[in-house]
Amino acid sequence: QKRYVAPADENEEALVQIWAEILKLPAENIGVESSFFEMGGHSLKATVLAAHIYRRFHVRLPLIEIFNNPTIRSLAAFIHQAEENEFHGIQRVEERPWYPLTSAQRRQYILWQMNTGSLAYHISGVYRIRGPLDVERLEEALQRLVDRHEAFRTSFSMVNDEPVQTIHPEVPFTLEKLVMMQQEGEPELECLQRAVRSFIRPFDLACAPLFRAGLLPVGRNDHLLVLDMHHIVSDGSSMMVIYREFAALYQEMELPPLPVTYKDYACWLKEWEKSDGYRSQEMFWLSGFGGEIPVLELPYDFPRPAVHRFGGDMISFRIDSVLSDDCRRLAAAADSTLAMTLLAFFTMLLGKLSGQDDVVVGQGVAGRRHVEIQNVVGMFVNSLALRNFPRPQTPVLDYLRDVRQRTLAAIDNQDYPLETLIEKLGVRRDTSRNPLFDVMFVMQNFLDPQRSADQAPTAEFEIRPLERKHRSAKFDLTFTVFEGEAEFICSLEYSTALFRRETIERWRDSFLNLIRQAAL
């Protein structure tokens, strides 16, 4: 534990306030010699920190410089000697009949057109509420959410052969009342699961809102709240915003007005695509995928279907406190983060399984690099195609450092849309695969309301997630890690059209053994 050292000037004081906001810590606990990463920072929060620094100091900060200058003192010194750039924030746009789609939205719209009945791109949450519930106030809070966020008042259509989005000034919202019909001898959990499955149904993207909520009474002072929305108007970070703001609105608290909305971001993005910054990011990605693009060939249990199937299952497991401490030590030794370290081991596993030393894995990024959009609901997320080279002869720490360097560079260039990269590379479309990568890595550094009940709307009752049977998989394999205080909670989601459960369980054991061997 470093001793507390107070800020010495205005710049250090400003950085303390920024850190306090991002790390959710009291400013008086943050000394100028404390490390951002030791105090709970990670690459996602470092990206937000860079956005705050750009707005406050007009200095564009490559992510690597936050890793190289993890204390306020060293960061303030770097900012002092850095070149200033003119600040260009996202501005509100004038009202129009319709607005452009972002690249991510366009991809969602095309996927929906190909299969309007698919549930693969829904985002849903199920919460069990125990305690007295004011249903009228609950419905009013949900209506206020719809009024507040334009994403929930957005519909999609074609104009001049181009998909566009329309923002409706008012959209009435109705809380659906669900009924539990328990069959004789049926366990309650299975009955609840069935009720939830019947509630989640396809959306028509031409009709707002693309958001619905249902309430299912289970018993006296016992309810299920089910939220369902289409990915085209929401993402994982938006779920956190929705949950937090719903809690405040249910308590009849006032929320500060949003500085910008999603349509403002979509229009800003359209203009940014004409800039030097856009061209620079494009060059980064195109040069990274020069030459032959590798296709990962894992040892499948079944032949790959001619058309991609979304049927899936999931195994959950934990990395215990001993092994998670080993991961932290390895990350520290390589000056890396836990996410980058676990990604490195995952790509090592994929290399061993496939016999390939050129592996591309997808990783989602929040895409919220601007301070103005931190609390806006919408689809900001982008996927990065991370290309790494897990060669057996490379020493582990060297490989961890190489993955760190490549990941940081990719995150610095995260605004370039994956769909545009796929088009520019001329990747051959294959109906049996995802373009560019078939495997995803997800590191959740934040507390997911699906897993947590830390933010129950009032003290009188609690909200708990309902475990849902996993039935879909967008990719061949998705490895998700949630960092708990001591252990890591993990899951491997897999395509049941390609793999047996025993195979995935065997790969889980191989992954854990890789970490054990590296720690030794």
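Quick caveat: nothing in here was measured; it's all calculated off a predicted structure.
For residues 500-520, the pairs satisfying ring pair (Phe, Tyr, Trp, His ring centres under 6.0 Å) are Phe479-Phe511, Phe499-Trp507, with sequence neighbours left out. Within the structure, every pair that satisfies the ring pair (Phe, Tyr, Trp, His ring centres under 6.0 Å) test and touches residues 309-330, not counting sequence neighbours, is listed here: His308-Phe310. Applying the side chain to side chain donor-acceptor pair (under 3.5 Å) test to every pair with at least one member in residues 341-357, sequence neighbours left out, gives these pairs: Thr347-Tyr399.
A search for salt bridge (charged side-chain N to carboxylate O under 4.0 Å, His left out) contacts involving Asp276 returns Arg279, not counting sequence neighbours. With sequence neighbours left out, Asp430 forms a salt bridge (charged side-chain N to carboxylate O under 4.0 Å, His left out) with no residue at all. Evaluation of the side-chain hydrogen bond (donor to acceptor under 3.5 Å, both in side chains) rule for Arg433 yields Glu297, Asp438 as partners, not counting sequence neighbours. Remark: His370 engages Ile90, Trp268, Glu372, Ile373 in a side chain to side chain contact (heavy atoms under 4.5 Å, CB included) (not counting sequence neighbours). Not counting sequence neighbours, the partners of Arg329 by the salt bridge (charged side-chain N to carboxylate O under 4.0 Å, His left out) test are Asp326. Evaluation of the side chain to side chain contact (heavy atoms under 4.5 Å, CB included) rule for Val16 yields Pro7, Ala27, Ile30, Ile72 as partners, not counting sequence neighbours. A search for side-chain hydrogen bond (donor to acceptor under 3.5 Å, both in side chains) contacts involving Gln414 returns nothing, not counting sequence neighbours. In this structure Glu21 satisfies the salt bridge (charged side-chain N to carboxylate O under 4.0 Å, His left out) test with no other residue, sequence neighbours excluded.
Using a cut-off of 4.0 Å between Lys/Arg side-chain N and Asp/Glu carboxylate O, Glu502 and Arg506 are scored as not salt-bridged. Looking at Asp335 and Arg404, no side-chain N of the basic residue comes within less than 4.0 Å of a carboxylate O on the acidic one, giving no salt bridge.
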Which atom pairs, donor and acceptor, lie under 3.5 Å between side-chain atoms of residues 60-68 and protein residues at least two apart or in another chain?
from, atom 1, to, atom 2, distance (Å)
Arg60, NH2, Tyr54, OH, 3.0
Glu65, OE1, Asn69, ND2, 3.3
Asn68, ND2, Ile64, O, 3.4

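Between Trp285 and Phe289, the ring planes are parallel. Angles under 30° get that label, and only those over 60° would be called perpendicular.
Judged by distance alone, with hydrogens and angles left aside, the side-chain atoms of Ser324 form a donor-acceptor pair with the main-chain N or O of Ala486 at under 3.5 Å.
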